[in-house]
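Below you'll find the structure, written out as structure tokens, and then a few comments.
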Amino acid sequence: MVIRPVRWSDFPTFVEFYYSRYDEVTRNPDLFLYTQAKKPALGEEAIWFGSLMREILDGDTVCMVAEEDGRVVGAADVRRKGHHTEERHAGIYANAIVPEWRGKGIGDELISTTLKACTGKFEVLYLIVVDQNERAKKLYRKHGFVECGRFPRGFKRGERYLDDILMWRALG
Ligand SMILES: CC(C)(COP(=O)(O)OP(=O)(O)OC[C@H]1O[C@@H](n2cnc3c(N)ncnc32)[C@H](O)[C@@H]1OP(=O)(O)O)[C@@H](O)C(=O)NCCC(=O)NCCS
């Protein structure tokens with residue numbers, strides 16, 4: 001397992017990794033990841049990936065992947081909260097691992113590496129996590145994130161509403 005910055009050549013397996021959540025969510029209603037009404041077409045993914053790489057080149061995004069046998073099996077990113085002068089110091093953290101690699105410490109390694117790579121680029125980080133996502137909350141707390149707010153019924157899947165928790169930490 002290698003944790004490293006994302007590369008252009010990751011596109012095929014990065015998309016495969018992103019698409020896998022659409023299949024998983026049909027089997028697992030407790031997958032607390034966002035999905036669109038329809039799986040985006042490959043062309044849309046190419047545009048999305050291009051904009052991710054552009055943001056990295058512009059110094060606005062940090063993105064690390066976990067690679068196993070040439071395949072992206074996990075990813076973490078921090079993107080600027082916004083482009084206004086007053087919010088450029090803040091980043092939003094997100095991460096996900098493919099099901100078969102969860103619970104093996106990859107999330108832990110990914111977050112450590114990503115936080116290190118954020119030093120000097122961001123001063124504060126935020127993230128949003130569904131309240132019921134115990135594994136993710138435990139990981140974030142371990143890495144210094146603390147709860148600072150709640151969005152009641154911020155997550156809705158089918159007819160089920162769950163609260164979103166806002167967490168933050170300072171960097172450096
Ligand atoms: C959340 C996620 C990124 C965590 O990554 P991971 O590689 O599975 O996590 P790790 O193996 O590094 O474990 C993180 C911590 O959670 C603990 N943990 C593992 N399974 C757990 C479970 N079912 N419930 C509670 N804690 C659990 C681990 O013991 C570890 O704590 P420790 O270091 O004190 O032992 C990953 O499980 C995932 O992608 N889940 C689905 C998508 C998701 O929820 N993304 C986050 C959206 S905010």
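Just so you know, these numbers use all the heavy atoms, side chains as well, and skip hydrogens, waters and symmetry mates. Note that ligands are numbered from 1 as they come in the structure, with each ligand's atoms numbered from 1 the same way. Treat the numbers as computed from the prediction; the structure is a model and nothing was measured. Index from 1, following the sequence.
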task = Evaluate the ring planes of Y93 and Y140, with Trp represented by its six-membered ring, and classify them as parallel (under 30°), tilted (30 to 60°) or perpendicular (over 60°).
result = perpendicular
remark   = Less than 4.0 Å from some atom of ligand 1, heavy atoms are found in residues L31, F32, L33, N95, A96, I97, R102, G103, K104, G105, I106, G107, D108, I128, V129, N133, R135, A136, K138, L139, Y140, K142
inquiry  = Using only atom types and a distance under 3.5 Å, with no angle test, would you say the side chain of D131 pairs donor to acceptor with the backbone of I165?
reply    = no
remark   = Which of F49, Y18, W48 passes ring pair (Phe, Tyr, Trp, His ring centres under 6.0 Å) with F11? It is F49
note = Only residue of R80, E55, R54 satisfying side-chain hydrogen bond (donor to acceptor under 3.5 Å, both in side chains) with T61 is E55
key: Aromatic centroids of F155 and Y161 separated by under 6.0 Å   = no
task = Examine distances only and state if a side-chain atom of R169 and a backbone atom of H143 form a donor-acceptor pair shorter than 3.5 Å.
result = yes
